[in-house]
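Below, chains carry the letters A, B, ... as their sequence lines are ordered, and counting in each starts from 1. The figures that follow rest on heavy atoms only: side chains count, while hydrogens, waters and symmetry mates do not.
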Amino acid sequence: MRHVVGLGEGRGGAGGGGASFSGFLSPAKVEHSTLGESPAMKRARVAATGPKAEFFDDAGLDDGDVALAGKVGSLNGELLAEFESLLAFYASKKTEPWRERQYRKIVAVLKNLPFRITCLEDLNRPQCAVLNGGHTRTRVEEFLRRGKIQLAQNLQNDPRTVAISMLMNFGVQGGKGKYGSYVGTSTAEKWYDSGITTLPQLQHRIESDPTFLTHNQRVMWDFRSDFSQRVPRREVELIADVIAGVFPSSSVVEVMGSYSRGAPDCGDIDLLVTCHGDVGRRCSEAVEALTKAQFITATLRDSHHAPGAHSGQWMGGCRLASLVPARPGFADYTLHRRLDIKVYPPKFRAFAQLYFGSGQEFNRAIRLFATRQGYTLSDQGLRRATRGKNEKGEYGTLWEGPLLEDPSGCNWTTEASIFEFLGLPFIPLEDRDNGIGVARLEAMARAQATKPAAEEDCFIVPTDPRSVVAAANLQRLAPLPSLAEGWRSNGIVALDCEFVGVGRNTSGIGGERNALARASVVSYSGDVLLDTFVKVEEPVTDFRIHVTGLTQANLDQGISFQEARDHVIRLLEGRVVVGHSLAHDFKVLNYHPPAVLLRDTSSCPHLRPGDKGKSLKALSEQHLGVKIQDGTHCSVEDARAALYLYRSVQDLWDPTPPVLGTSAKAEALDKHLTEAAENMAAPVATGHNEPLAQHFDRLAARSHHYAKDHYVRVSRTLRSLPYHLQSPKDLLRPELRCVGRGKAHADIVRMLHEGVNEVNKGA
DNA sequence: GCCT
DNA sequence: CAGTACG
DNA sequence: AGGCCGTTACTG
């Protein structure tokens, strides 16, 4: 038995490392090689030796069905043949991958359906879901009526289809219908168009032109006879035993694929090796030893070409003959077998098990489910991710977080933890390659999609406690109301950034790229949650001072880009973000929140641009009657302008709350919020600037609308400053940028010079 | 091809 | 980068 | 109308 200390429970939940082998090939050991099997293994083995596995739920089956279950496949033989020719046709066309996939699903279902389809109503049974779509249902109807599908009849002997299928499979028949020849539709079409249409022609071409095939194609061609033979379970175990012998004794070797699901024989051998250390190197070392022993006879893929990869993998051909001498009366092992070895560190074991233990469609379904939940799942972990359209309108992954920790603290030791995290019921191995698992995932996805956004699905992220101004503002905001009532104010922030140019363009003028120089985030009330200068690592080649108002001195007092980005993300995450042309800001920040959370005033259907265009300046003047960007820009002012524009059309734009996340994420953030609020409990220094603050209170009392907001804001900011404002120079500090350059600024300067009373007297 |  | 393979 | 698995991985 090979165990990995500290790896925890094996597959199936209790003890044992799955199929573990003794490591040295001897008849005695081999004889006992199944002693270490886990419950899951045993279940699989039993399933294989018993009657044909029950491929579908009992639901909808009667006794007749069960009686027929032994000769599944022939039950719908004629219909199956029709759809197989349709599949062959679409599989030979590289422009039809989706139809091909759909037909592949249909064929898979028909092969395993435990009852005969005799009437259209049969299609309503849950197992027949893929047959019950608009188009396929019509085809089945046609078949039931006329005993054939005309389109299939027309296509089944299509010479092009026949030839291309032959080329893609090197003439190999049977199996799953895909031989893995490394000849796909593109290559096959190319060959076909060059006049190769029959197997003899292909053979002649290959033999006469040594460069005709790529290396992998050559391997699959040379071994096509051997590789198309099934591997008995017994031989799979022997081979696994050999592999286990060339890995450190602390490794766990598991046989995956159809073997693990109990198949009596396999198309190839899939081995999952879990070991510590550099998995890539372990893999290479093992392969080297196996090659030396003449066990490995061909290589298709070898991860030693990719040092530092998360997994080590090798794919190729092997045979036991050199290790197991032929003996009369015993099976000889001269056939070459397709072998896949994948080596993972312990932390990925459960993800790898999920991947290699499930069928293709199940893997795609669960990954799709994860995507819809805001995650991305692979054989190498789970991470937060958002998908959507980028600036160019391409759909894809916009943002991915770091690997997620197992919330149970168990470090993803079991597949069950992955299901649990995704909010899925555990789907057992036997249902991961027969359509049941996929159907369950699809049902879960539908249930999820139709569920209205629950309050606990929404969350609010607190501001960063390290920022003095932010701290004061958070104190006023906390405790935050629940999003159900309060999202329209507390779930919304506005962002604006200022950039300077770095690098040189070809004309040597400078400013080839943007670098973040100032970042500002304001709350719904317009309070500054963050306003900071940012140090620019590279030499600044263009300050764009007429726009930004920034100088080297400003940047020098800033914080690092990383720090600024962290602040911004903490403020933005989980909130609706308002801004003008946010794409620029996010590009420079390298942060891409989900589109549902973005409100870009430059493309708002409710803010129609006037004669002067749709710049923030123009929109502000047109819709708010406020002049901004008079002279240099101020990112606080711009963020506020965008915010007020949003607020002016908020009822139209956002009549209902958006979905802001998932409950798992919400819980983590809620904890963060609570902790942050507790940390805030100690009051920050206040009262340093009370007389000045009162001046703005008075101004606020007799002002209206945005002016009132502005004075309230200045007053709050002054009260929450941890220092006494003494010199006009202090107004240059980032947290006081929110004062602006208007009357508030002038009043403060005057009060600092002449005293508060003098100024109020004049007013 | 199916589904939203 | 397109093509292909893996479950 | 447009997404349909994967920061999969390798080859040429």
Side-chain angles (χ1 to χ4, degrees), chain A residues 83 86-87 89-91 94 96-107 129-139 168 176 178-190 211 213-217 219-220 256-258 260-261 267-268 270 272 280 299-306 309-316 338 340-342 344 348 351-372 375-385 387-389 393-403 432-433 441-442 445-446 449-450:
Chain A
F83 277 108
L86 287 167
L87 167 60
F89 176 73
Y90 289 117
K94 71 172 168 188
E96 299 282 2
W98 302 113
R99 272 197 184 84
E100 179 194 348
R101 181 183 174 192
Q102 211 59 38
Y103 278 109
R104 215 170 272 288
K105 286 179 172 179
I106 290 164
V107 164
V130 281
L131 295 161
N132 210 8
H135 212 142
T136 308
R137 193 181 158 89
T138 313
R139 297 259 184 263
M168 288 199 293
K176 276 190 188 173
K178 268 203 169 184
Y179 172 63
S181 62
Y182 290 87
V183 177
T185 48
S186 285
T187 311
E189 272 185 29
K190 212 168 59 191
T211 65
L213 295 180
T214 67
H215 172 262
N216 285 358
Q217 288 165 350
V219 169
M220 296 308 286
M256 309 302 290
S258 53
S260 71
R261 288 190 293 268
D268 65 356
D270 276 310
L272 167 59
T299 290
L300 293 165
R301 174 192 292 188
D302 192 342
S303 67
H304 75 72
H305 295 299
H310 301 285
S311 69
Q313 46 179 287
W314 177 90
M315 287 166 44
R338 270 285 286 110
D340 290 354
I341 304 174
K342 333 244 176 178
Y344 286 78
F348 293 145
F351 295 99
Q353 286 176 327
L354 183 62
Y355 172 40
F356 294 115
S358 311
Q360 171 180 225
E361 289 303 331
F362 184 85
N363 274 320
R364 295 171 74 154
I366 196 170
R367 289 171 184 203
L368 181 65
F369 184 87
T371 298
R372 299 249 160 94
Y375 300 95
T376 172
L377 172 69
S378 77
D379 57 334
Q380 286 155 55
L382 188 59
R383 53 189 84 216
R384 196 98 230 266
R387 313 195 75 193
K389 304 252 177 87
E394 298 159 331
Y395 186 83
T397 307
L398 290 179
W399 173 84
E400 285 150 11
L403 275 178
R432 296 194 213 153
D433 196 33
L441 291 178
E442 284 171 356
R446 265 194 299 277
T450 53

task = Kindly say if A/S378 contacts the phosphate of D/dC5, meaning a side-chain N or O under 4.0 Å from OP1 or OP2.
result = no

ask   = Which part of the nucleic acid, if any, lies within reach of A/Y90 when heavy atoms closer than 4.0 Å are counted: base, sugar-phosphate only, or nothing?
value = sugar-phosphate

request  = Please work out if A/N132 contacts a base, only the sugar-phosphate, or nothing of the nucleic acid, heavy-atom cut-off 4.0 Å.
outcome  = nothing

ask   = Under 3.5 Å, is there a donor-acceptor pair between the side chain of A/Q313 and the main chain of A/S303?
value = no

key: Nucleotide nearest A/H135 when distance is taken to its side chain, options D/dC4, B/dC2, D/dG12   = B/dC2

ask   = Any side-chain N or O of A/T371 less than 4.0 Å from the OP1 or OP2 oxygen of D/dG6?
value = yes

note = Which of C/dT4, D/dC4, D/dC10 is nearest the side chain of A/S303? It is D/dC10

Nucleotide-level pairing of DNA chain D, given in dot-bracket where Watson-Crick and G-U pairs need both distances under 3.5 Å and | marks other strands = ||||||.|||||

request  = With heavy atoms under 4.0 Å as the rule, sort A/G257 into base, sugar-phosphate or nothing.
outcome  = nothing

ask   = Looking at side-chain heavy atoms only, is the closest gap between A/R101 and A/Y90 below 4.5 Å?
value = no

ask   = Do A/Q217 and A/T187 touch side chain to side chain, with heavy atoms closer than 4.5 Å?
value = yes

request  = Examine D/dC5: is either OP1 or OP2 under 4.0 Å from a nitrogen or oxygen in the side chain of A/R101? Give yes or no.
outcome  = yes

query = Across the strands shown, which category fits A/Q313 at heavy-atom distances under 4.0 angstrom: base, sugar-phosphate, nothing?
reply = sugar-phosphate

request  = Please assess A/L377 against A/N363 for the test side-chain contact (heavy atoms from CB on, under 4.5 Å), listing each intermediate value before the final yes or no.
outcome  = CA-CA 9 Å; A/L377 172 69; A/N363 274 320; over 6 Å; no

message = Determine whether a donor-acceptor pair (N or O, by modelled atom type, separation under 3.5 Å) exists between the side chain of A/T136 and the backbone of A/N132.
response = no

inquiry  = Side-chain N or O of A/S186 versus OP1/OP2 of C/dG3: is the shortest distance under 4.0 Å?
reply    = yes

Any A/T185 side-chain nitrogen or oxygen under 4.0 Å from OP1 or OP2 of C/dG3 = no

remark   = A/L354 CG to D/dT8 P, in whole Å, measures 17 Å

inquiry  = Between A/E189 and A/S186, is there a side-chain donor-acceptor contact under 3.5 Å, judged purely by atom types and distance?
reply    = no

message = Just so I know, are the side chains of A/F356 and A/K342 near enough to count as touching, which here means a heavy-atom distance under 4.5 Å?
response = yes

message = For D/dC5 and A/R367 - does any side-chain N or O of the residue sit under 4.0 Å from the phosphate oxygens OP1/OP2?
response = no

message = Students often get this wrong, so: under 4.0 angstrom with heavy atoms, is A/L377 touching a base, only sugar-phosphate, or nothing?
response = sugar-phosphate

task = Quick one: label A/R137 by what it contacts on the DNA or RNA (base, sugar-phosphate, nothing), any heavy atom closer than 4.0 Å.
result = nothing

request  = Counting heavy atoms from C-beta on, name the nucleotide in D/dT8, C/dC6, D/dC4 closest to the side chain of A/M315.
outcome  = C/dC6

ask   = When you check the phosphate oxygens OP1 and OP2 of D/dC10, does a side-chain N or O of A/R301 lie under 4.0 Å from one of them?
value = no

query = Side-chain donor-acceptor pair under 3.5 Å between A/T299 and A/W314, yes or no?
reply = yes

request  = From the options B/dC2, C/dC6, D/dA9, select the nucleotide whose nearest atom is closest to the side chain of A/D270.
outcome  = C/dC6

ask   = For A/T136 and B/dG1, is the shortest distance between a side-chain N/O and OP1 or OP2 below 4.0 Å?
value = no

request  = Using the C1' atom as the reference point in each nucleotide, state the distance between D/dG3 and C/dC6 in Å, no decimals.
outcome  = 22 Å

query = What is the nucleic acid contact for A/Q380, judged by heavy atoms within less than 4.0 Å: base, sugar-phosphate only, or nothing?
reply = sugar-phosphate

ask   = Stacking between A/Y355 and the base of C/dC6 (centre distance under 5.5 Å, interplanar angle under 30°)?
value = no

ask   = A/R372 CZ to D/dC4 P: how many Å, rounded?
value = 7 Å

message = Quick check on C/dT4: is either OP1 or OP2 less than 4.0 Å from any side-chain nitrogen or oxygen of A/T187?
response = yes

task = Would you indicate what A/V183 reaches in the nucleic acid, counting non-hydrogen atoms under 4.0 angstrom: base, sugar-phosphate, or nothing?
result = sugar-phosphate

inquiry  = Heavy atoms only, 4.0 Å cut-off, all strands: where does A/R338 land among base, sugar-phosphate and nothing?
reply    = sugar-phosphate

inquiry  = Side-chain N or O of A/Y103 versus OP1/OP2 of B/dG1: is the shortest distance under 4.0 Å?
reply    = yes

